[in-house]
Amino acid sequence: MAIVLYARKSVERENSISCETQIEYCKAMIKPDERDEKVITLVDNGFSGGNVDRDGFQKMMKLIRNGKVSKVIVYKLDRISRSLSDFVNILQEFKEHKVEFVSSQESFDTSSPYGELIVKLLMVFAEFERTSIINRVTQAYAHRSELGFYMGGRQPYGFELVPTFIHNKKTKMLSPIPAEIEQIRYIFEVYAEENVSLRRLQALLLAEGKTPLNGSDWTTAKLSAILKNPIYVKADSDIYDYYERHGVRMITDSTLFTGEYGAQLYGHSKHQSCDPDWSDMKLVLMTHDGVVDSDIWLKCQRKLEKNKQITNSYSNPTSWLAGKVICKKCGHTMTTIKGKVNKSGEIRRYFNCTGKSHKKTCTGPKCSIYAENLENMVYDCISEKLSDIKGFRNTNKKNHAAEINDLKLKIKAVEKSETQLMDTLLSGGCNGHLLELANQKATQLKNEKAVLYDRIEELSCNDEGTAAVIDLARSWKTAGYENKKSVALIMINKIIIDEEGDAQIVWNI
């Protein structure tokens, strides 16, 4: 049988007595006739007493259940647990296994009803103290978030923390690191494209040598975390609406979402799925400038929420040239199929004649027509064609973005007034005269909102009589899979592959 000396130091109170000091107090409680008994020291450093999920504690309970412990000595009762329900169950288990329980700072005899009552009363106050600590920390945390303080957590890539003062209180704020922010903008802009998946984004970053400047590596998980983080967005009314629809508690007033500053999401999500339960999450507007436009950021969120790995010409099992490639020997179309894994671990696609595979009437080209090679060749040919073509389009609403955002914020203020008015009416506190005034006010608010919506619609319309030149060749460089397929459908009549593997493009234009 052994004597267990158990110590615990909470993460909630950094200035509490150390585990080493607690053990010294425990050793002093060993009686002279117990000096020859085996002594086991178990320590949980940095663990809360709110639960029993602690390595040292669990080892102690395993020894007790195996009948190897005669006595447990602690510095104080609350080192075992600060939860009354947990402590009562632990005490009962001690009694069942005939384990004596001793505290160096409290005197009691757990074998008597009176001693057990005293222990339970002490635990009531220990639990009350723990709850009070949690409430104070929570309230302080909430107050700091309302002031726009950085709420901690892992420092986001692209920023460094610099000392500052907010409302005369010393704190830290995020300051952009230009080289890293340039990578962040690139990540959002590329992923927002139609057919770029997280894996494709990772490959592009690697191919272009855009490795993280902090010495780490890009992973799809790391890229996903960056893309989901509102720290980077220029938070405007659309961002406010996005999080409000998801049930996030909005700490900052909607009128401050002017599209200038980044935001921070904090709290605990109950689910880690693509459509999480954000009812316990909070969003606060920060003091640093956002770096990604809200429309690009929201486009990335829609892609992430769909949880689709949208493929491109490197990973798509088909090709954007599908239906256009013809075998010259038999006249049948050629379709893409996947080959075997090569020495580099890649699975390459190649065009196969259907007259050979399906009809059994053709031997097809003598060499392999790799899809990637043919696509690259046709891509360059289309680029050359488009460089001589100019298109025109009406100017868009970008120059009115700030005014539209301001109008949306005004609509939110009107809707807030409508809600307050409705609450007043439903409370039944209005007489006939006040009810008439309330109805008039409701009509006024409705008309104000209609005027604001009309103005937004007016600004959203394209300006008549103005046009901008479209650089089609430049647009082609960033075209996704579907856009490439559409352009090929319009420009190319067919691509003829002869027996030697040479390609001839027959153009529609």
Side-chain angles (χ1 to χ4, degrees), residues 190-208 220 303 306-387 472-473 475-509:
V190 171
Y191 186 71
E193 293 176 13
E194 183 178 355
N195 243 7
V196 178
S197 64
L198 286 172
R199 197 166 296 281
R200 174 61 176 154
L201 173 60
Q202 180 190 23
L204 284 171
L205 289 167
L206 181 63
E208 297 183 16
T220 54
K303 287 185 69 175
K306 288 178 182 177
N307 199 26
K308 288 182 178 179
Q309 297 297 315
I310 302 176
T311 53
N312 51 38
S313 61
Y314 290 90
S315 58
N316 201 297
T318 61
S319 169
W320 51 274
L321 296 177
K324 293 292 184 180
V325 185
I326 306 296
C327 175
K328 184 176 182 179
K329 190 172 184 178
C330 67
H332 286 92
T333 57
M334 299 180 70
T335 58
T336 51
I337 60 175
K338 286 184 177 181
K340 296 180 180 180
V341 180
N342 61 18
K343 294 180 180 179
S344 301
E346 298 176 327
I347 301 177
R348 300 192 69 181
R349 298 168 297 123
Y350 62 93
F351 279 95
N352 184 60
C353 175
T354 55
K356 177 182 179 181
S357 59
H358 300 341
K359 305 290 184 180
K360 309 296 183 184
T361 58
C362 181
T363 56
K366 295 178 180 178
C367 58
S368 297
I369 309 299
Y370 288 108
E372 181 181 332
N373 295 340
L374 183 60
E375 287 167 350
N376 288 339
M377 185 272 288
V378 175
Y379 177 91
D380 291 338
C381 291
I382 291 177
S383 295
E384 187 177 346
K385 281 274 187 183
L386 290 176
S387 63
L472 295 176
S475 299
W476 173 245
K477 289 180 181 179
T478 58
Y481 176 83
E482 291 298 332
N483 287 337
K484 287 178 181 177
K485 190 173 182 179
S486 298
V487 171
L489 184 65
I490 294 169
M491 295 185 66
I492 298 174
N493 179 275
K494 57 186 174 181
I495 302 169
I496 301 172
I497 306 295
D498 64 20
E499 195 172 4
E500 301 300 323
D502 294 327
Q504 177 191 357
I505 301 176
V506 179
W507 300 94
N508 285 327
I509 57 174

**OP:** Please report the shortest heavy-atom distance between T363 and K356, naming the atom on each side.
**Re:** O-CD, 3.4 Å
Original post:
Are any side-chain N or O atoms of T333 and backbone N or O atoms of G323, one a donor and one an acceptor, separated by less than 3.5 Å?
Top reply: no
Original post:
Does the side chain of L374 reach to within under 4.5 Å of the side chain of F351, using non-hydrogen atoms?
Top reply: yes
**OP:** For G364 and C327, work out which heavy atoms get closest and say how close.
**Re:** CA-SG, 4.5 Å
Original post:
Should the pair E372-R349 be classified as a salt bridge under the 4.0 Å nitrogen-to-oxygen rule?
Top reply: no
Subject >> Value rounded to 0.5 Å, distance of CG in N352 from CD1 in I337 >> reply: 4.0 Å
Original post:
Ignoring hydrogens and geometry, is there a side-chain-to-backbone donor-acceptor pair from K303 to V196 under 3.5 Å?
Top reply: yes
**OP:** Measure the spacing between SG of C362 and CD of E499 and express it to the nearest 0.5 Å.
**Re:** 8.0 Å
Subject >> For S197 against Y191, the heavy-atom pair lying closest together >> reply: C-CE1, 3.9 Å
Original post:
Backbone N or O of Y370 within a donor-acceptor pair of the S368 side chain at under 3.5 Å?
Top reply: no
Original post:
What pair of heavy atoms forms the shortest contact from I326 to G331, and how long is it?
Top reply: CG2-O, 3.6 Å
Subject >> Side chain proximity check, K324 to L489, heavy atoms < 4.5 angstrom >> reply: yes
Original post:
Does the side chain of P365 reach to within under 4.5 Å of the side chain of M334, using non-hydrogen atoms?
Top reply: yes
Original post:
Atom CG of D502 and atom SG of C367: how far apart are they, to the nearest 0.5 Å?
Top reply: 8.0 Å
Subject >> I492 side, atom CD1; L321 side, atom CG - distance, nearest 0.5 Å >> reply: 6.0 Å
Original post:
Do other residues, nucleotides or ligands put more than 12 heavy atoms under 6.0 Å from K329 NZ?
Top reply: yes
**OP:** Check whether any side-chain heavy atom of W507 lies under 4.5 Å from a side-chain heavy atom of C381, and answer yes or no.
**Re:** yes
Subject >> Q202 side, atom CD; R200 side, atom CZ - distance, nearest 0.5 Å >> reply: 11.5 Å
Original post:
Any donor and acceptor pair, going by atom type alone, linking the side chain of D498 with main-chain N or O of K328 inside 3.5 Å?
Top reply: no
Subject >> side-chain contact (heavy atoms from CB on, under 4.5 Å) partner of V378, chosen from V325, I505, N373 >> reply: I505
Subject >> OH-OG1 distance between Y350 and T335, expressed to the nearest 0.5 angstrom >> reply: 9.5 Å
